[in-house]
Amino acid sequence: LSLYSSPARETKYVENPKTELEEGVSRLRHVLEPYTAWCQVQWFVLQLLMLQGTLFWLLSEGYEFLQKPPAGFYPRLGVISFAGIIGLFLARGSKIKKLVYPAALMGMGTSMYYPQEAVAIAKVAGTQLYDWSLQGYIALEALWKDT
């Protein structure tokens with residue numbers, strides 16, 4: 001036996017009546033629905049055509065480049081690719097290693113063949129790293145002073 005009796009619950013869901021503004025917006029949306037659907041389809045088709053054109057351009061440029069590659073391109077490509085495969089072989093275990101080792105070995109292989117570009121990239125990366133570390137130091141210093 002229960003100490004407390006609970007009254008019988010009769011709940012009903014009552015929907016609030018729509019206002020004139022809501023009714024007008026609803027009618028407008030229903031009237032414009034075919035046109036908005038048409039616009040969405042046209043936008044999707046336009047995006048596909050742009051993507052197709054870009055892909056076609058990339059493939060044709062790549063094909064032309066591979067037809068007349070610069071001297072020593074294929075041996076360089078082989079060494080850089082082999083460095084990436086060695087990196088994958090050495091990166092057993094964690095997923096981080098599988099990302100870092102191949103990229104690092106391919107980067108070293110690439111820097112052997114393109115030293116000027118590697119120096120330019122290293123300078124930019126060093127500057128960025130210095131800027132980020134300086135911003136972090138300033139943020140930590142501000143946080144330390146606030147407390």
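One-based numbering along the sequence shown.
Phe82 has its side chain out of reach of Val79: every pair of non-hydrogen atoms, C-beta onward, lies at least 4.5 Å apart. With contacts defined as side-chain heavy-atom distances shorter than 4.5 Å, the pair Leu134/Tyr130 qualifies. Within the 4.5 Å cutoff, the side chain of Phe73 has heavy atoms near those of the Phe65 side chain.
Nearest heavy atoms, Ala91 versus Lys97: CB-O, 3.3 Å. Closest heavy-atom contact between Glu23 and Lys18: OE2-CD, 3.2 Å. Residue Gly93 comes nearest to Lys98 through the heavy atom pair O-CE, 4.3 Å, listed as atom of the first residue, atom of the second, then distance. Considering all non-hydrogen atoms of both residues, Pro102 and Gly84 come closest at CB-O, 3.7 Å. In terms of heavy-atom proximity, Thr19 sits nearest to Glu22 at N-OE1, 3.1 Å.
Other residues, nucleotides and ligands contribute more than 12 heavy atoms inside 6.0 Å of the CD atom of Glu141. For Tyr74, the OH atom counts as densely surrounded, since its 6.0 Å shell holds more than 12 non-hydrogen atoms of other residues, nucleotides or ligands. Heavy atoms of other residues, nucleotides or ligands lying less than 6.0 angstrom from CD of Gln116 number 12 at most. The 12-atom threshold is not exceeded at CD of Glu20, counting heavy atoms of other residues, nucleotides or ligands nearer than 6.0 Å.
Both Phe89 and Tyr101 sit in one connected hydrophobic cluster of ILVMFWY residues. Membership requires side-chain heavy atoms under 4.5 Å apart, directly or through other members. Note: the hydrophobic cluster containing Leu77 also contains Leu66 (ILVMFWY, side chain heavy atoms under 4.5 Å, direct or indirect links). When the side chains of ILVMFWY residues are joined at heavy-atom separations under 4.5 Å, either directly or via intervening members, Val41 and Leu49 end up in a single hydrophobic cluster. A continuous path of ILVMFWY side-chain contacts below 4.5 Å connects Ile96 to Ile86, so both sit in one hydrophobic cluster. The hydrophobic clustering, which links ILVMFWY residues whose side-chain heavy atoms are closer than 4.5 Å, places Met108 and Leu99 apart.
Between the CZ atom of Phe44 and the SG atom of Cys39 there is a distance of 15.5 Å, given to the nearest 0.5 Å. Here Met106 contributes atom CE and Leu88 contributes atom CG; the two are 9.0 Å apart, rounded to the nearest 0.5 Å. Between the OG atom in Ser133 and the CD1 atom in Ile138 there is a gap of 9.5 Å [rounded to 0.5 Å]. With values rounded to the nearest 0.5 angstrom, Met112 atom CE is found 8.0 Å from Ile80 atom CD1. Here the OH-CD distance, from Tyr35 to Gln40, works out to 15.0 Å after rounding to the nearest 0.5 Å.
By the 6.0 Å and 45° rule, Arg76 stacks over the aromatic ring of Tyr114.
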>> Working note: Leu90 + Leu105, criterion side chain to side chain contact (heavy atoms under 4.5 Å, CB included); need CA distance, chi angles, decisive distance, verdict.
In response: CA-CA 10 Å; Leu90 294 175; Leu105 288 176; 4.3 Å; yes
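Under a 4.5 Å side-chain heavy-atom criterion applied to ILVMFWY residues, the cluster that includes Leu129 comprises that residue alone.
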